[in-house]
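Heads up, the thing below is written out as structure tokens.
Here the structure is a predicted model, which means the values were calculated and not measured. Lettering follows sequence order; numbering is per chain, from 1.
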Amino acid sequence: MNLKTETSGGSVIVFVKEERLDAHNSGDLKTEMNRLFEGGSINLIIDLKEVRFIDSSGLGVLVSGFKNASTRHGTIKLSAMQTQVKSMFELTRLHRVFDIYATVDDALES
Amino acid sequence: MNLKTETSGGSVIVFVKEERLDAHNSGDLKTEMNRLFEGGSINLIIDLKEVRFIDSSGLGVLVSGFKNASTRHGTIKLSAMQTQVKSMFELTRLHRVFDIYATVDDALES
Amino acid sequence: MKNDIVLEITIPNQTCYLSLVGKIGESMAKELDRYDGDREELASRINTVLTEALVNAIKHANVTDPTKEILVRINISGKELAIRVFDNGQGFDLNRVPDPCFDSDILNENGRGLFIIRSLMDSVVYKKANGGNVLEMKKSLR
Amino acid sequence: MKNDIVLEITIPNQTCYLSLVGKIGESMAKELDRYDGDREELASRINTVLTEALVNAIKHANVTDPTKEILVRINISGKELAIRVFDNGQGFDLNRVPDPCFDSDILNENGRGLFIIRSLMDSVVYKKANGGNVLEMKKSLR
Ligand SMILES: Nc1ncnc2c1ncn2[C@@H]1O[C@H](COP(=O)(O)OP(=O)(O)O)[C@@H](O)[C@H]1O
Ligand SMILES: Nc1ncnc2c1ncn2[C@@H]1O[C@H](COP(=O)(O)OP(=O)(O)O)[C@@H](O)[C@H]1O
């Protein structure tokens with residue numbers, strides 16, 4: 001999976017550079033988030049700008065990140081969701097769980 | 001089929017506003033060209049800017065227009081071919097038969 | 001049989017083929033002249049439903065055995081779309097799968113697949129077929 | 001059978017379905033991870049070949065009878081792509097179809113379909129199959 005990681009202030013931004021975040025590749029995102037958490041980063045921004053499609057496995061991996069961050073008293077923010085992705089969050093009511101921002105910059109400034 | 005026709009100087013420009021020019025819809029282009037020829041227009045420019053795909057039936061209809069124009073001592077020019085379309089002309093060597101231009105304006109000025 | 005379209009896809013039992021099937025389903029939907037609704041939205045729905053059903057067949061039925069195969073059949077008959085995903089597993093009871101959206105389990109990592117499928121299609125049935133099982137998902141194209 | 005992908009499409013014998021099949025073939029090619037070459041180019045080639053073969057089946061074999069059906073099968077087996085288009089017509093002799101590109105008939109309106117197919121694929125065979133005929137077109141994916 002193509003992921004790009006950047007540090008900005010107290011946050012680590014993970015750019016998911018894939019068109020799909022699904023059962024095939026979302027395990028890689030989980031591994032990367034776990035690596036960051038274990039390295040002491042507890043405030044993550046997951047940028048979904050390039051993700052056109054997410055399935056329930058992709059959602060599950062983000063939920064796992066949310067729980068991991070909460071346990072460590074950190075935060076996980078999501079940015080730049082496309083239409084299908086946003087509608088999957090709404091359908092599963094996960095849009096009430098996550099802090100969702102229009103852009104990475106909005107997430108950083110919040 | 002979605003065709004838009006414009007007159008400019010002594011030429012009629014037919015804009016083919018379809019993604020495909022194939023056995024399903026190319027008959028409509030033939031009918032339109034014949035209508036124009038019979039109405040006395042003998043210099044046609046066929047703009048293929050929106051056409052991403054052409055098949056042998058589409059090529060055949062353009063050949064029919066070429067012959068019709070020649071018989072009437074007119075001209076037929078083609079403009080704005082995309083990659084697949086251009087390669088079909090090259091494969092069938094029809095690029096040697098037609099006058100091909102990068103844009104409608106180039107065709108008009110020639 | 002007039003005007004019916006049938007699409008059958010057989011893929012190895014591997015998640016790397018999810019996007020292949022999803023994309024094929026999407027392009028089919030985008031070309032469906034007979035559907036007057038939003039075809040982009042239908043395409044995205046079909047992509048989602050195919051992906052969820054395939055993942056279940058791969059993970060729960062065929063237990064990630066990469067030598068197995070999965071068959072997907074899409075029928076468009078008049079104004080009805082039917083998607084069938086076949087598996088050779090032990091089967092399960094669709095009616096016993098709980099709704100994942102109650103507040104108590106909103107933070108579960110799994111258990112959203114069938115809920116999503118049911119939300120996006122008109123009817124969903126899981127039954128025996130061809131010596132195995134089939135998840136049959138239908139949607140009206142009106 | 002490991003790693004094989006099979007795609008079967010049945011459509012009514014009507015040219016309005018050309019783009020449906022073409023697009024499905026295209027999306028399949030674009031997702032073919034195992035092909036190291038230019039996948040966009042492969043997709044466009046498959047779209048062309050499918051369209052030409054289907055038009056021939058519709059116009060020459062099924063003589064534009066809209067109640068008939070056409071079956072297309074695409075197999076990807078290892079590094080080989082095979083496309084088969086089945087028809088129930090009287091058949092014809094592929095070896096007697098002339099090459100259209102000699103100077104004398106460059107202005108023919110017809111007769112370019114099989115030339116195009118043969119140019120874009122590695123091997124093309126037309127033979128009896130399933131009580132009818134099949135045009136079998138193969139291409140190596142290396
Ligand atoms: N094809 C299948 N074969 C066997 N069991 C299945 C199948 N599909 C779903 N299930 C069962 O139904 C449960 C719920 O499925 P689903 O809602 O898709 O969520 P998840 O797959 O994330 O658990 C699965 O955990 C599994 O036990
Ligand atoms: N499936 C088929 N069944 C019967 N005849 C066919 C079939 N495909 C092609 N042919 C014959 O081969 C000829 C050449 O076909 P082709 O090169 O595709 O050009 P065109 O279809 O424009 O004539 C056709 O005119 C037809 O006589």
Side-chain angles (χ1 to χ4, degrees), chain C residues 1-35 39-40 42-44 46-47 50-51 54 58 62 64-79 81-84 86 88 141, chain D residues 1-35 39-40 42-44 46-47 50-51 54 58 62 64-79 81-84 86 88 141:
Chain C
M1 291 292 281
K2 222 171 135 187
N3 279 328
D4 285 11
I5 300 170
V6 187
L7 187 66
E8 275 195 19
I9 314 172
T10 309
I11 50 158
N13 189 46
Q14 296 165 36
T15 54
C16 63
Y17 295 102
L18 292 174
S19 87
L20 177 90
V21 180
K23 288 279 176 61
I24 289 175
E26 269 197 331
S27 15
M28 195 207 56
K30 286 188 192 160
E31 293 291 315
L32 270 191
D33 287 346
R34 68 183 71 173
Y35 182 54
R39 277 191 247 162
E40 289 290 330
L42 179 70
S44 154
I46 291 178
N47 192 349
L50 283 169
T51 303
L54 282 171
I58 295 171
N62 297 344
T64 331
D65 174 350
T67 65
K68 290 197 179 174
E69 290 188 322
I70 301 188
L71 172 66
V72 181
R73 188 182 300 136
I74 305 178
N75 288 69
I76 294 152
S77 186
K79 289 281 195 180
L81 165 74
I83 301 179
R84 291 181 179 83
F86 295 84
N88 293 303
L141 295 177
Chain D
M1 291 292 283
K2 225 173 133 185
N3 280 327
D4 284 11
I5 300 170
V6 187
L7 187 67
E8 273 195 21
I9 314 172
T10 309
I11 51 158
N13 189 46
Q14 296 163 36
T15 54
C16 62
Y17 295 102
L18 292 174
S19 87
L20 177 91
V21 180
K23 286 278 176 61
I24 289 175
E26 269 197 330
S27 13
M28 195 208 55
K30 286 187 190 158
E31 293 292 315
L32 271 191
D33 287 347
R34 68 184 70 174
Y35 182 54
R39 278 192 246 163
E40 289 289 330
L42 179 70
S44 153
I46 290 178
N47 191 350
L50 282 169
T51 303
L54 282 171
I58 295 172
N62 297 344
T64 331
D65 174 350
T67 65
K68 290 198 180 175
E69 290 188 323
I70 302 188
L71 172 65
V72 181
R73 187 182 301 136
I74 306 178
N75 288 68
I76 295 152
S77 187
K79 290 280 195 179
L81 164 75
I83 301 178
R84 291 181 179 82
F86 294 84
N88 292 303
L141 296 177

Atom pair [atom1] ([X]) and [atom2] ([Y]), whose distance is rounded to the nearest 0.5 Å:
X	Y	atom1	atom2	answer
Lys30(D)	Leu20(C)	NZ	CG	13.0 Å
Met28(C)	Ile9(D)	CE	CD1	10.0 Å
Leu7(D)	Leu7(C)	CG	CG	5.5 Å
Lys23(D)	Ile24(C)	NZ	CD1	14.5 Å

| Smallest separation among heavy atoms of Pro12(C) and Ile5(D), with atom names | CD-CG1, 4.3 Å
| Set of salt bridge (Lys or Arg N to Asp or Glu O under 4.0 Å) partners for Lys68(D), sequence neighbours left out | none
| Is it the case that Asp33(D) and Tyr17(C) place a side-chain donor and acceptor less than 3.5 Å from each other? | no
